[in-house]
Amino acid sequence: MYKKVETSLNFTQREKEIEEFWQENNIFKKSIDQREGKDMFTFYDGPPTANGKPHIGHVLTRVIKDMIPRFQAMKGHKTVRKAGWDTHGLPVELEVEKSLGLNGKDQIEKYGIEPFVKKCKESVWKYKGMWEEFSRTVGYWADMDNPYVTYDNKYIESVWWALKTIWEKGLLYEGHKIVPYCPRCGTPLSSHEVAQGYKDVKERSAIVRFKVKGEDAYFLAWTTTPWTLPSNLALCVNPKVTYVKVKKDDYTYYLAEALAEKVLGEDFSVLAKFTGKDLEYKEYEPLYPFAVGKIKKKSFYVTCDDYVTTADGTGIVHMAPAFGEDDARVCHKYDIGFVQFVDAKGCLTKETDWEGIFVKKADPLILKDLKEKGLLFDAPSFEHSYPHCWRCDTPLIYYARESWFIKMTAVRENLIKNNNMVNWIPPTIGKGRFGDWIEHVQDWGISRNRYWGTPLNIWECKCGHQHSIGSISELKAMSDNCPDDIELHRPFLDNVTIKCPKCGEQMHRVPEVIDCWFDSGAMPFAQWHYPFENKDLFEKTFPADFISEAVDQTRGWFYSLIAISTLLFNKPAYKNVIVLGHVQDKNGQKMSKSKGNAVEPMAALKKHGADAIRWYFYENSAPWLPNRFHDDAVQEGQRKFLGTLWNTYAFYVLYANIDKFVPSEHKLDYATLSVMDKWLLSRLNTLIKFVDENLSAYRVTETAKALQDFVDELSNWYVRRSRERFWGKDMTQDKVNAYMTLYTALSTFIKLAAPMIPFITDTIYQNLVRNSYADAKESVHLCDFPKVNETYIDKDLEKNMQLVLEIVSLGRAARNTANIKNRQPIGQMFVKAPFILNDFYKAIVADELNIKCVDFTDDMEKYLSYSFKPQFKVLGPKAGRQINEIKKVLATLNGHAAKDELDKTGTLKVTLASGDFTLTREDVEVSVTQTAGFATESYNKVTVAIATTLSPKLIEEGFVREVISKIQTMRKENGFEVTDRIKVYVNGNEKIASIVKDNCAEIQKIVLATSIETGKTDGFSKEWNINGEKVILAIK
RNA sequence: GGGCCUAUAGCUCAGCUGGUUAGAGCGCACGCCUGAUAAGCGUGAGGUCAGUAGUUCAAGUCUACUUAGGCCCA
């Protein structure tokens, strides 16, 4: 016996039970262990930061990350998935700063790095419990007991190994990096911090005259930051833009042609035209003498770069390599020198004439000075949005800092090659957003002037020697003062010195820690402490078969993984990646706490259940598109899909229990099955094939839609059409067939859907399968994924049934337009279709539509007429612009006559203004139009016509069906059991009484009546209006 | 400011290489069914395919620009 199935849709309670069942019986572990020795399928989990709470977007990432490995596990692979935690980085430090009431680096150092770092380490686990509960509730299977943790000594040691390897390849170097910098706080800001502080400000910009060397002419160059002019070393033009040499008043200028009028007014004459490229390497005289003699490299000439635009200014840009990222990059490209006449407090230095003056205060002084020297052309006001420090509101400056880089530009070709090996889903991201970006890859600035992170493993000596340490044992071997239990963090490591192999002095570690993206990108090997341990395991699990994260990770984790794997192994780190869109609110707005539109994930999970939410994300739309999330949308899928599945399962259990049907005692005997059964099995196996192919190719939405369609067909066609077979008293072969077919469909389906909706499928499995088969696997998730049985797939059968469904649908529409309800039998229906169905299918149509006789015919002329229009795809190219006239003429043709002509001659001649035009059968589309005496409907190539005139006999039959229906309703309303015998009374209407008398035997049989009496009532009675006739019916 | 993505019915989404009646589900209205019934089925109304201009015999689909939202980078 099956456990009785609650028809309530209380999914969350049942999910909790399954969650506990998995927990108690180690189902996840078993799902991996039972595949020992099988091919590996590797999934890498991108580590979340545990000091942030899970949000609804994590539900999407987790359900995608979970589903693919579950599927691959059922396909027979050993699918190891290690969970991970991202624990380093600025967000953690900021969180701790806030909680300690600290503000800025000075205060942190006053507080002490050691206690600060200790707090960081603790803070990381603030929401660990919440994450674990969250993961359990959504059904996310990953090894949470042995996660990788990026702050772990072993993890850091692996990262060190990687850095040393890169160092030894000569790809790790020290250089300048332009960073947004707060001169008051003395610290660079992260892009996230910068974004918080943009403000619109109005400032003076400067258009400055740079004297061309050896020519009585000037370059007009523009800058929004006059304080950078003393540090000027070059000018830059766009090589593709047109520049002009013009005469204005007494001066000769160079500037962009497009901006000449805007800058100079109308009164000037053009002397010559150049492209930007023509101006390259043209020299000019330094604006200020400060840098002259201090730099050895050749400077003070024109450079070319695409970043210069003609949107503002003059098309010529002044360059100071210390104060702009583009400036630094272009000057680096041209091997120009470097000066930085601003100190760390944001004041100009003693090399200039404005020593000690803050840059923003120096702006007007410099403008004044230039004006006096006659070098200032103009100083227009300029409004733009400029970043300010979010802490102290000081305007930020872009400022060069000493920084460590990985020379990604050196491995660019390999990066591109490796990226091309990745299967990006969708492909456009791999080609576009990601591919374009790595085409122009820049060196990776990996150092951070912070405290809580993997320390950069470079030691420096006064003699200039640098050494990279690659392991703890190497450190200990080279150091006299390394504690035995050294923790690889600041400040502990800052005190460890090593002996310089060159000069014998003590070497000190550089103060920087590294970008935490390097940590997470190192996870393929660092999670296994490779190469110090688990060499085999790493090699077997690299690269990953599959990863998935949201689109914001393109330049984050997706990049750091492939960057590091290219540097170390020259391979991509992953083979397949699903890029996910962000989850937005119901209006397509970004969710955020401040807007108050953020959905709390645990609350949503509690309300709808995990399966419903999982299903929403799978089915709703392509994973890479932004998902709008709100409650109603989730409920829809729950009712339609989960509810229907559950109902179908409940139906099976209800009757199987009544009949004490046990599937293990029977066999599915294909030869004896009805067409309906064979149809369902054909659909089922088509579905298996489809799901297998699509999930193997990471096509999520397509799979979900196919599963949903199948459940709909199973419930609303197979079960509905087959219900009566379950009602019979005896266990006939046909009844066994119905049970076995439905059982097979259900028990197979839950395996197909198990990766997506793991809870409900296991709930059903426990009752449906484990209850019947003693040797069944413990959980649906330990089963093998179903294999398609091609012999059950009968495409013709599916095609025929599809036509049945179309005809039925049209028939119902025709009934509706004719206003004849279903209980009223109809005598005749004609059908025109591309192919003809046999009697079995016709019987289904007849039964479903309550029609006596269904016939196929091509000759529908009696019931309808034809209309013609061009088959545009075929005729369009042939007829060209005549096509609209042809369309008009076709619309006026006599349908029957034209059809005749087409049938007899195979062509159709139409007369146009320009002469005759002969159309072939392929050129026109023939459709049917309305009629008289029949109700017709057509769709695609199928047309139906039902006879709307009803004979007295049919009307009588209609009455009989009505009476039966009312009596059945009364049986139920009055609590009779299905098997109870009743007495029936009919009173108060002669017409009905006589019809009932004439059909007494039939009615008695169906409603299980022992007698029918007219003219009196007894027992439960009720007045009914049957097709306009009032009558009292009673039963006892 | 730059790059990329998105915009189709009240809501959530389909719509293949351009082919003329733009589909589905939900919601709504009406009806049907009634031994899965706090279920099921059907029909209908709802669309200037974000806007503007262009290419074409033909544009939701191609091009350019604009608007709104998103992601990344300045």
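Predicted, not measured: the structure shown is a model, and the values here were computed from it.
Minimum atom distance to the side chain of A:Asp712 is reached by B:rC41, of the listed B:rC71, B:rC41, B:rA36. Proximity note for A:Ser809 (side chain, C-beta onward) versus B:rC13, B:rU43, B:rA36: the nearest is B:rU43. Counting only heavy atoms from C-beta on, A:Val719 has its side chain closest to B:rA36 among B:rA36, B:rG42, B:rC13. Relative to the side chain of A:Asn647, the nucleotides B:rC41, B:rC13, B:rA36 differ in distance, and B:rA36 lies closest. Listed nucleotides B:rU6, B:rU12, B:rC41 differ in distance to A:Asn620; the shortest reach to its side chain belongs to B:rU12. Minimum atom distance to the side chain of A:Ser965 is reached by B:rU34, of the listed B:rA36, B:rU34, B:rC71. Listed nucleotides: B:rG42, B:rC13, B:rG40. Nearest to the side chain of A:Arg720: B:rG40. The side chain of A:Asp552 approaches B:rC71 more closely than any other nucleotide in the set B:rG42, B:rU34, B:rC71.
Of the possible polar contacts, one joining the A:Asp443 side chain to the A:Met408 backbone as a donor-acceptor pair under 3.5 Å is found.
Nucleic acid contact for A:Tyr655: sugar-phosphate only, since backbone atoms but no base atoms lie under 4.0 Å from a heavy atom of the residue.
Across the C1' atoms, B:rA36 and B:rG46 are found 33 Å apart, a figure rounded to whole Å. For the C1' atoms, the distance linking B:rU20 with B:rU67 amounts to 29 Å, nearest Å. For the C1' atoms, the distance linking B:rG1 with B:rC57 amounts to 43 Å, nearest Å. Rounded to the nearest Å, the gap between the P atom of B:rA22 and that of B:rG10 is 16 Å. Between the C1' atoms of B:rC32 and B:rG15, the separation comes to 31 Å (whole Å). Going from the C1' atom of B:rU56 to that of B:rC11 covers 36 Å, rounded to whole Å. Separation of the C1' atoms belonging to B:rG19 and B:rA24 is 22 Å when rounded to the nearest angstrom. Between B:rC13 and B:rU21, the two P atoms lie 29 Å apart (nearest whole Å).
In the interface, the side chain of A:Thr644 is not paired with the base of B:rA39 through any donor and acceptor atom under 3.5 Å apart.
Pair assignment for B:rG1 gives B:rC73, based on Watson-Crick or G-U wobble hydrogen-bonding distances that are each under 3.5 Å. In a base pair of the Watson-Crick type (N1 to N3 plus N6-O4 or O6-N4) or a G-U wobble (N1-O2 and O6-N3), with each distance short of 3.5 Å, B:rC41 is matched with B:rG31.
Counting heavy atoms from C-beta on, the side chains of A:Leu768 and A:Tyr649 come closer than 4.5 Å. The side-chain heavy atoms of A:Phe558 and A:Val577, taken from C-beta on, include a pair separated by under 4.5 Å.
The residue among A:Leu714 and A:Thr554 whose nearest nucleotide of RNA chain B is located toward the 5' end is A:Leu714. Of the two residues contacting RNA chain B, namely A:Trp624 and A:Glu848, the nearest-nucleotide position lying further toward the 5' end is that of A:Trp624.
The distance between atom CG of A:Asp659 and atom P of B:rA36, rounded to the nearest whole Å, is 14 Å. Note: CD (A:Glu702) to P (B:rG15) measures 9 Å, nearest angstrom. One interatomic measurement links the two molecules: NE2 of A:His582 to C1' of B:rC72, which rounds to 10 Å at whole-angstrom precision. Regarding A:Trp717, its CH2 atom lies at a distance of 17 Å from the C1' atom of B:rA36, rounded to whole Å. Rounded to whole Å, the distance from OH on A:Tyr559 to C1' on B:rC73 is 14 Å. Atom CG of A:Leu810 is separated from atom P of B:rU43 by 9 Å (rounded to the nearest Å). Look at CD on A:Gln708: it is 10 Å from P on B:rC26, rounded to the nearest Å. B:rU34 atom C1' lies 10 Å from atom NZ of A:Lys966, rounded to whole Å.
Atom CZ of A:Arg981 is surrounded by 12 or fewer heavy atoms from other residues, nucleotides or ligands within 6.0 Å.
Under the 3.5 Å distance criterion, with hydrogens and angles disregarded, a donor-acceptor pair is assigned to the side chains of A:Asp515 and A:Trp444. Checking A:Asn419 against A:Trp424 by side-chain atom types alone, a donor-acceptor pair falls below 3.5 Å.
With respect to the salt-bridge test (charged N to carboxylate O, under 4.0 angstrom), the residues A:Arg720 and A:Glu848 qualify.
Phosphate contact (OP1/OP2 of B:rC41, side-chain N/O of A:Asn716, threshold under 4.0 Å): present. Residue A:Arg723 places at least one side-chain N or O closer than 4.0 Å to OP1 or OP2 of B:rA36.
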